[in-house]
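As the structure is a prediction and not an experimental result, all values here were calculated from the model.
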Amino acid sequence: MTKQEFTAEVARRSQLTARDAGKAVDAFLETITDTLRAGGDVAFTGFGKFSAQQRAARTGVNPRNPTEKVHIPAARVPKFSAGSALKSAVKNG
């Protein structure tokens, strides 16, 4: 599902105009992004938790030349942990 399809579905389910639903989806995504950038977490009970995680520096392999080792620097990366309700909904179809 693309962002445009998601926005259309939000508009249909909430009976908002496509423009208002687009603004709501954009605000939702911006809020999560800004919160993670500031070091916070965003948790939705039953759905899941968005957080930022520190990934340590490590040594990797160049896929074009598997014998060549490359250094991968440390980085902050986003992480999503699914909640129990989401897990069971996906598992049970």
Side-chain angles (χ1 to χ4, degrees):
M1 176 178 276
T2 65
K3 182 179 176 184
Q4 186 176 10
E5 293 168 338
F6 182 77
T7 301
E9 186 62 19
V10 168
R12 186 186 70 77
R13 289 184 185 208
S14 64
Q15 298 178 354
L16 292 172
T17 65
R19 181 176 296 240
D20 288 342
K23 287 180 183 178
V25 169
D26 287 341
F28 173 79
L29 296 174
E30 288 171 13
T31 302
I32 290 175
T33 302
D34 292 345
T35 302
L36 294 180
R37 187 179 297 136
D41 296 338
V42 179
F44 297 100
T45 303
F47 180 76
K49 178 180 175 182
F50 296 91
S51 60
Q53 183 177 7
Q54 187 67 29
R55 183 179 291 162
R58 61 194 190 281
T59 302
V61 177
N62 181 349
R64 291 187 181 173
N65 182 2
T67 60
E68 180 185 350
K69 304 291 184 196
V70 294
H71 175 73
I72 302 169
R76 266 177 55 111
V77 294
K79 179 182 176 186
F80 176 75
S81 299
S84 59
L86 178 61
K87 287 179 183 178
S88 64
V90 171
K91 183 178 179 180
N92 297 328

Closest contact, heavy atoms only, Arg76 versus Ala52: NH2-CB, 3.3 Å
Side chain proximity check, Asp34 to Thr31, heavy atoms < 4.5 angstrom: no
After noting the C-alpha distance and the side-chain angles of Glu30 and Thr35, does the key distance pass the side chain to side chain contact (heavy atoms under 4.5 Å, CB included) rule? CA-CA 8 Å; Glu30 288 171 13; Thr35 302; over 6 Å; no
Does Asp26 reach the side chain of Lys3, with side-chain heavy atoms less than 4.5 Å apart? yes
Hey, could you give me the OG1/CD distance between Thr2 and Glu5, rounded to the nearest 0.5 Å? 3.5 Å
Heavy-atom closest contact (Pro66 atom, Pro63 atom, distance): CD-O, 4.2 Å
With a 4.5 Å cut-off on side-chain heavy atoms, are Leu86 and Phe80 touching? yes
Restricting to salt bridge (charged side-chain N to carboxylate O under 4.0 Å, His left out), what partner residues turn up for Arg13, sequence neighbours left out? Glu9
Strictly by side chain to side chain donor-acceptor pair (under 3.5 Å), give each pair with a member in residues 51-62 just once, sequence neighbours left out. Asn62-Glu68
Give the ring-plane orientation class for Phe50 versus Phe47, where under 30° counts as parallel, over 60° as perpendicular and anything between as tilted. tilted
Shortest non-hydrogen contact from Ala21 toward Val10: CB-CG1, 4.1 Å
Applying a strict under-4.5 Å side-chain criterion to I, L, V, M, F, W and Y, I'd like to know whether Val77 and Leu29 cluster together. no
Which heavy atom in Ala11 sits nearest to a heavy atom in Ala18, and how many Å separate them? CB-CA, 4.1 Å
Same hydrophobic cluster for Leu16 and Val25, using side-chain heavy-atom links shorter than 4.5 Å among ILVMFWY? no
